[in-house]
Amino acid sequence: MELILFIGSILFWILYYIFEGSHDAAFAKETKLLRDNIDQERYNSEIKDGFVKHELDWHLFDALEKALTKIVFAILIYLITNNFLFSFQMLLLSVGIRSVMHDMVVALRLGKGLKHIGPDFLWWDRFLRKMQNIGINQYIIKLVPNIALVIWIIYTI
């Protein structure tokens, strides 16, 4: 049963984050369109602080929504398998898949290529940018823990 849930979870989260990344990219394009059509001086003096505040609020509530989804998903896996370790691993896997898929889909949908890192006012993107500046590729940071997690899950199944 765990193997079926493992494979199904991977497929579910990949599809989920393709949709979420596409949604976020559409929202980013919408805000860019508005920002590009507002006088830059007015944007910088009157709107930018509010824009960043609302963007951070939006990301906070989005993170809470995703956390709730991941936790409920892990609880359901626990109820099906009665295996706390496996359900915890699936929770970690959902976070790991997000780190790769969401950011990659957003970057590609925005037409910025795989090297793109999001805005500097988000802590994760600031961290990735700092690591990039010292020569560590963002995909190494994202993929190495995922690969280790998948190996650990397969080993424990």
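Atoms considered below: every heavy atom in the structure, side chains included; atoms not considered: hydrogens, waters and symmetry mates.
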Next item on the list: Working to the nearest 0.5 Å, report the span between NZ of Lys29 and CG of Leu110.
Entry: 6.5 Å
Next item on the list: Only counting residues at least two apart or in another chain, list the ones meeting ring-ring contact (aromatic ring centres under 6.0 Å, His included) with Phe86.
Entry: none
Notebook entry, point to check: Thinking salt bridges, do Asp57 and Lys53 make one under a 4.0 Å N-O criterion?
Noted result: yes
Item checked: Qualifying residues under ring-ring contact (aromatic ring centres under 6.0 Å, His included), relative to Trp152, sequence neighbours excluded -> none
Notebook entry, point to check: Is there a donor-acceptor pair under 3.5 Å between the side chain of His23 and the backbone N or O of Phe19?
Noted result: no
Notebook entry, point to check: So, the side chain of Lys112 versus the backbone of Gly118: is there a donor-acceptor pair under 3.5 Å, distance only?
Noted result: no
Next item on the list: Output the distance between atom CD1 (Ile97) and atom CG (Leu15), rounded to the nearest 0.5 Å.
Entry: 11.5 Å
Notebook entry, point to check: What side-chain hydrogen bond (donor to acceptor under 3.5 Å, both in side chains) pairs are there with at least one residue in residues 133-143, not counting sequence neighbours?
Noted result: Asp103-Lys142, Gln138-Lys142
Check: Out of curiosity, Ile157 CD1 to Thr81 OG1, how far, rounded to the nearest 0.5 Å?
Finding: 10.0 Å
Checklist line | ring pair (Phe, Tyr, Trp, His ring centres under 6.0 Å) between Phe88 and Tyr78, worked out | finding: CA-CA 8 Å; Phe88 178 69; Tyr78 174 74; over 10 Å; no
Notebook entry, point to check: Under the 3.5 angstrom rule, does the side chain of Asp120 hit a backbone N or O of Arg126 as a donor-acceptor pair?
Noted result: no
Check: Taking the side chain from Asp62 and the backbone from Trp58, do they hold a donor-acceptor pair closer than 3.5 Å?
Finding: no
Check: Does Ser9 reach the side chain of Phe73, with side-chain heavy atoms less than 4.5 Å apart?
Finding: yes
Next item on the list: Could you tell me whether Asp125 and Arg129 have a side-chain N and a carboxylate O separated by less than 4.0 Å?
Entry: no
Check: Between atom CH2 of Trp124 and atom CD1 of Ile117, what is the distance when rounded to the nearest 0.5 Å?
Finding: 10.0 Å
Check: What distance separates Leu122 CG from Leu56 CG, expressed to the nearest 0.5 Å?
Finding: 6.5 Å
Notebook entry, point to check: Is any side-chain heavy atom of Ile75 less than 4.5 Å from a side-chain heavy atom of Ser87?
Noted result: no
Notebook entry, point to check: Would you call the rings of His102 and Tyr17 parallel, tilted or perpendicular if under 30° counts as parallel and over 60° as perpendicular?
Noted result: perpendicular
Checklist line | Ring centres under 6.0 angstrom apart (Phe127, Trp123) | finding: no
